[in-house]
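One structure below.
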Protein chains: 2
Amino acid sequence: MVSVTENTEQKIIDAACKVFILKGMDGARMQEIADEAGINKALLHYYFRSKNKLFDRVFVEIFSGITTLLSEVVSNSTDIVELIDNMIHNYIHLISERPFVPDFVLHELNRNPQLIVEQIKLNGIDFSKFQQLIINAVTQNKIRPINPIHLVVNILSMCIFPFVAKPIIMGFMLNGDEDKYQHFIDERTEHVTTFIKNSLFINPAEK
Amino acid sequence: MVSVTENTEQKIIDAACKVFILKGMDGARMQEIADEAGINKALLHYYFRSKNKLFDRVFVEIFSGITTLLSEVVSNSTDIVELIDNMIHNYIHLISERPFVPDFVLHELNRNPQLIVEQIKLNGIDFSKFQQLIINAVTQNKIRPINPIHLVVNILSMCIFPFVAKPIIMGFMLNGDEDKYQHFIDERTEHVTTFIKNSLFINPAEK
DNA sequence: ATTTGTTTTAACTGTTTGGTTAAATCGAAT
DNA sequence: ATTCGATTTAACCAAACAGTTAAAACAAAT
């Protein structure tokens with residue numbers, strides 16, 4: 001009988017993820033989530049007492065997917081080249097599968113910045129190891145001197161922004177052609193990787 | 001008597017900009033906009049019949065500010081170095097003054113991608129001249145070969161993303177320290193400029 | 001057969017919200 | 001003095017919405 005409960009709970013969370021990601025907290029409707037989950041509103045409130053509680057649960061679920069990946073990338077990388085390759089490849093790959101997640105996360109975080117506090121408690125990323133890998137590369141003269149924070153933001157920017165800005169890119173640069181956009185995304189991993197390495201490495205041979 | 005009308009209309013638009021940018025279309029309330037404008041709800045509907053009409057007007061206002069800047073940058077730049085310098089400087093400067101605009105624009109554009117169609121009609125950016133400047137630089141061997149679209153997206157990403165991702169940057173990298181974030185933003189223009197030039201120019205002396 | 005937790009049904013409450021209406025006021029222009 | 005558009009006041013409407021409730025149905029475990 002436990003399985004029934006977990007099943008329904010998961011069905012609700014999946015449905016809530018979908019609706020919240022597409023509509024945001026303000027735009028989402030409890031009725032729509034119930035419909036999407038194939039249940040009724042009463043049962044929805046039976047499992048999650050309020051919209052806020054459901055949202056919090058869903059947000060943790062979604063955000064932890066992102067931070068978990070970042071943690072794995074950091075711990076699986078031993079030098080700066082690996083770090084860059086893994087980070088760019090895995091991030092673009094992850095987001096490609098759920099392209100509306102970044103807009104959702106960023107928007108809700110701006111709407112309620114305090115959400116980040118809970119997330120840090122739950123998914124503490126050791127940003128220090130991150131920084132250390134970069135500092136090591138700089139001190140060993142493998143790359144140009146660079147502020148680690150700027151570098152990380154640069155990488156995240158170029159990986160995430162193309163998905164958030166899809167309407168702009170398609171509208172102004174690709175004549176609304178969805179195929180061209182998909183092609184652009186397919187090229188993106190390799191392009192960003194070489195673009196960043198070109199900037200970091202003084203001698204291109206070292207790549 | 002005309003002046004009174006225009007005055008009030010502008011007061012409403014200013015107030016609506018503020019509220020819509022902070023709360024988004026779904027989160028904004030007509031009463032709050034009326035309060036912010038120092039008028040009552042009846043007068044608000046007297047000027048703009050519906051929330052949608054008001055939103056459309058406001059969105060045009062905000063978005064055209066962005067595209068206008070981009071147009072000016074393009075037409076005021078004669079070579080790739082000028083283009084990069086102007087674009088990065090002006091964009092970060094513009095957004096610094098209204099840091100919540102990017103999240104608003106991107107979120108509403110994803111919520112309703114058709115908005116971009118109207119904007120293209122109103123503010124047709126000649127992206128072709130943009131591309132031409134980059135292609136010229138490539139064929140003249142001034143910079144490494146690069147897909148112009150990727151380059152533009154790279155520049156926009158690194159300029160805009162830091163503002164959209166403020167909560168993440170502050171939370172995970174700057175220990176929630178607002179002063180450090182401001183310092184990070186202050187450095188940003190110069191950093192992005194050199195980061196991109198380092199990537200583009202094979203010989204650093206050419207910069 | 002009874003119990004227990006899950007799910008449905010269906011109606012309902014209370015509040016928020018976008019939008020309307022009508023009458024009154026006010027200010028400037030004629 | 002009158003006219004006309006701008007503005008306020010205050011009440012109102014209808015729809016949407018989050019959340020509740022109670023009774024019944026159901027399914028599995030005891």
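Every chain is numbered from 1 and lettered A, B, ... according to where its sequence line falls, protein lines coming before strand lines. Keep in mind that the numbers below use all heavy atoms, side chains included, and drop hydrogens, waters and symmetry copies.
Look at A/Thr8 and you'll find a side-chain N or O under 4.0 angstrom from OP1 or OP2 of C/dT7. A close approach under 4.0 Å does occur between a side-chain nitrogen or oxygen of A/Tyr47 and OP1 or OP2 of C/dT7. Contact check, A/Tyr46 against C/dT7: no side-chain N or O comes under 4.0 Å of OP1 or OP2.
What separates CD1 of A/Ile39 from P of C/dT7 is a distance of 8 Å, to the nearest Å. Computed from coordinates, the A/His45 NE2 to C/dT9 P distance equals 17 Å when rounded to whole Å. When the P atom of D/dG19 is taken as reference, atom CG of A/Asn52 falls 7 Å away, rounded to whole Å. Computed from coordinates, the B/Lys51 NZ to C/dT20 P distance equals 14 Å when rounded to whole Å. Computed from coordinates, the B/Asn7 CG to D/dT7 C1' distance equals 14 Å when rounded to whole Å. For the pair B/Ile12 CD1 and D/dA6 C1', the interatomic distance rounds to 11 Å; values are reported in whole Å. Going from atom CZ of B/Phe55 over to atom P of C/dG19 covers 14 Å, rounded to whole Å. Between B/Phe48 atom CZ and C/dG18 atom C1' there is a gap of 16 Å when expressed in whole angstrom units.
Side-chain proximity of B/Ala42 to C/dT21, C/dT8, C/dG19: nearest is C/dT21. Nearest nucleotide to the side chain of A/Leu43, out of C/dT7, C/dT9, D/dT7: C/dT7.
A/His107 and B/Asp103 form a side-chain donor-acceptor contact under 3.5 Å, judged by distance and modelled atom types alone. Using a 3.5 Å distance cut-off with no hydrogens or angles, the side chains of B/Asn112 and B/Glu108 do not pair a donor with an acceptor.
Centroid-to-centroid, the aromatic rings of B/Phe100 and B/Phe104 stay 6.0 Å apart or farther. Residues B/Phe184 and A/His150 place their aromatic rings such that the two centres sit under 6.0 Å apart.
In the region residues 18-35 of chain A, proximity to DNA chain D at under 4.0 angstrom, judged on heavy atoms, holds for A/Ala28, A/Arg29, A/Met30.
Of the charged side-chain nitrogens involved, none lies within less than 4.0 Å of a carboxylate oxygen, so that B/Lys11 and B/Glu36 do not count as a salt-bridged pair.
A donor-acceptor contact under 3.5 Å links the side chain of B/Lys41 to the base of C/dG19.
One N or O on the side chain of B/Asp177 and one on the backbone of B/Asp179 form a donor-acceptor pair closer than 3.5 Å. Here the side chain of A/Lys129 pairs a donor or acceptor atom with the backbone of A/Val74 at under 3.5 angstrom.
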